[in-house]
Amino acid sequence: MRNRIDHLVTASLERLRREGLFPPDWPFVFSVERPREKSHGDFATNAALVLAKAARLSPRLLADRIVAALPEQQDVERWEVAGPGFINFFLSASCLQTVIPAIQQAGSRFGESSSGAGRRVQVEFVSANPTGPMHLGHGRGAVAGDVIARLLQAIGCTVEREYYINDAGAQTLVLGRSVLFRYHALYGQEREMPEGCYPGEYVEEIAQALRQRDGERWLSSSLTEDPPMAVVEFAMQQCLHWIRADLALLNITFDTWFSERTLHQQGGILRAVAQLEAQGLIYEGLPDPPKGKQLESWQARPQRLFRSSQFGDEVDRPLQKSDGSFTYFAADMAYHLDKAQRGFDALVNVWGADHGGYVKRVQAALAALTGKKDLLTICLVQMVTLLRGGQPVRMSKRSGTFVTLREVVEEAGSDAVRFWFLLRSAGANLDFDLDLAMAKTNENPVFYVQYAHARVHSLERRLRERGLAESSEPPLLARLTEAAELDLLRLLSRFPEMIEQAALEKEPHKVPYYLLELSAAFHTYYNGCKILEEDAQLRGARLALVRAVGQVVANGLTLLGVHAPEQM
RNA sequence: GCGUCCGUAGCUCAAUCGGAUAGAGCAACGGCCUUCUAAGCCGUAGGCUACAGGUUCGAUUCCUGUCGGGCGCGCCA
C-alpha cells in the first residue's frame, strides 16, 4: 500500500525533473508515512519539505507542483497540501476494501512478507545459568526472544533459536557443592552450610534425586574440595530439565543448545585467542582498577588483555585469570566467533539488563575477530517487578520470598504471562501485576483482545443457529461505507507494515499494541453496527469484514504465541 | 566516579527514519443492555514531554550539560 503512494510521488517528481525543476542527478529521498492524525489522511509525504531547497521553491509551492504532476489512478480519492508542505493522501473506499480479499486469500499467512527472504538469522536468548530455577526476568527475555524470532520468520528470515549453556564456570561447582551439602544432610550429617552455597529448596530436590539414583556413593566426598564432576553434571542436568520444562510451559523451544564447555574442550577459546594474538590485539598488562566501590583487596596483577578499547570499549579486558584459566569473557568471545563462523547473516542476542555492561566488549570482540561491525544486535530487556495486591513482592533468595517463573505461569497461565511480558517496550521496567494478569475483566488487555476474537466466532455460531443463508457470490464489499468499517479496513491494511517494522526494529511490543487498537475498533463497530443484518447483501459484506478481523486478530495472537479462543 | 537504560496526564505506559493539534488503559465523573456475548460501547476532564541550552523548515525523538531513578562496574556467569 505504502509502495503505491511512493511510486505515485516518485512518478510526479520524475516528471518535474524532466521539466527542469530538479538537477538531473538529484536524489529523491523522502518518506511516506501513516500520519498520526486521522484527519491527515491515510498516507502523507514530506517530499516537498525535503526537496524544497533543491527546487528553489518554498515547500508549499513545491507541494502544489508535485500534486499537479501526480498521475491518474484509482487508489487515491483525493489529496491535499497541508501544514508546512505535507501532501496528504486519502485512499478511496474501493482501495481500502481490497484488503479483505487479500486476507481471505492469505489466511493464516496474512501479515507475512518476504523482505527478509534468504537471510539466515540466529536468535540467542534466555541462556540462564543451569544452576537454579528460572525467575520472572528470564521469562520476559524468553518471551521477547521467542517473539523476535517469530517476527523475523514472518518477514521471511530463516531463524535458528539458540540457548547458550553456561556449564563451565565456577557457578556450576557451587551448585555441585550445594547439592552435596544437602545430600550429606539427608544422611543426618548436619553441619554449617559452606560459604556461598545456594539455599533454595530445589537444591534439596536435586540431592534427593541424587540419593535415589546413587545411594550412599558420594558420602565420602569432601565439601571443602571441588565436588565430583558426576555430581555437578547430575545437578546441572536436573536444572536444565527444569528450565526446558518451564520454557515448554510457555510454548518455547530451541533448535540448538550450545554448551560453553565444548568451547573449552575443543579448543575454541584457544583458537579465538590465537587469532587475536596474531592480529596483535593481545598484550600483557595491568588492567584498570574497578571503578565502583574501592576494594581494599585490589592488587594489580599482570594479565593477558584484549585491546577492546580499540573497538569502542572503555578499557581493555582480561582474557585470562591469574591462575591461567580463561575468563567468562574469553569463552563468550569464542562463542560469538563460533556463531559468526556458522555463516549467519545476522545475530541477535536478547540479554537481561544486568548484562548491559558486557555489550561493548562483546561487540568489540566480534568486530575485531570478523571485521564486521553490524553482525550482532544485542537487545537489552529491563527488569521485572512482581506485584501482588498492587504491592511489589521483594525477591530475595534468603528470605524465602523468591517466586519462580513456573509458579507465576502456573497461576496466571501462559497466555496472560506472554502477553503481559510483551506489553512494555524492552527498555522499560515492567511491573507484572499478578492479580490484573489473571483478571477476567476489561482491565485485562489479554482478555480484551481474546474477547474480540471470540466475538467473531460467536457471530459465526449465531449465523448457523439462525440458518441465515450465505450467498455463493463474492461479497459486495462496496456496501462497507460506515466510518467504523473504513476504520477497520485501514487498521487491517496496516497489519503487515506493523509486523515488518516490529521485526526490523526488534520491538515485539508493537504487536500487542496493534492488537489492542484493532480489538477496540472492532468492539466499537460491533456495538454500533449490526452484523447479522436482514439485508443479505449487507450482511455478506459485513461478515466478510468481521471474518477478516478475526483472521488478523488470530494471526497477531499466534505471532505472540497466545491462543485465540473461539469462545470465552 | 564511570558505563548503560529510563524520566511523557493522578497511576501504568504508547507515540512511524526527526513530522502537523503528543495518544491509550486504569483511576474520577456522566451516559448505553426487550436488539448479534455489558468480559462490550459512547462522552467529559486531565500535559511547559524532568530542567537548561544547541542542531533545523520542524525535536518527546538527535547532541551537550544539570537533576532524579533502575541496572552494571578486577581473575562471578
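Atom set for the values below is all heavy atoms of this structure, side chains included, hydrogens, waters and symmetry mates excluded. Letters A, B, ... are given to chains in the order of the sequence lines, protein chains preceding strands, and every chain is numbered from 1.
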Determine the contact category for [X]: base if any of its heavy atoms lies under 4.0 Å from a base atom, sugar-phosphate if only primed atoms, P, OP1 or OP2 are that close, otherwise nothing.
X      : result
A/E260 : sugar-phosphate
A/R461 : base
A/Q450 : nothing
A/T327 : nothing
A/E314 : sugar-phosphate
A/R455 : sugar-phosphate
A/D433 : nothing
A/R34  : base
A/A331 : nothing

Problem - Atom-to-atom span, CG of A/L430 to P of B/C13 - whole angstrom - result: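 My rounded result for the distance is 8 Å.
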Handout entry: A/L380 CG to B/C5 C1', straight-line distance once rounded to whole Å
Key =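 From A/L380 CG to B/C5 C1': 8 Å.
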Handout entry: Whole-angstrom distance between B/A9 and B/C48, as gauged at atom P
Key =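 Result for the P pair: 9 Å, nearest Å.
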Exercise for the section: Using the C1' atoms only, state how far B/U61 lies from B/C17, rounded to an integer number of Å. Expected result: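 Roughly 10 Å separates the two C1' atoms.
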Handout entry: B/G3: pairing nucleotide in any strand, Watson-Crick or G-U under 3.5 angstrom
Key =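 Per the H-bond distance test, B/C71.
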Practice task
Would you kindly say whether A/Y283 and A/D316 are connected by a side-chain donor-acceptor distance under 3.5 Å?
Solution key: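 Note: A/Y283 and A/D316 side chains meet the donor-acceptor criterion.
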Practice task
Report yes if some heavy atom in the side chain of A/V511 is under 4.5 Å from a heavy atom in the side chain of A/L151; otherwise report no.
Solution key: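 Result yes, sub-4.5 Å side-chain heavy-atom pair found.
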Practice task
May I ask you to verify if any side-chain N or O of A/Y526 is less than 4.0 angstrom from the OP1 or OP2 atom of B/U37?
Solution key: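 For A/Y526, the contact criterion (side-chain N or O under 4.0 Å from OP1 or OP2 of B/U37) is met.
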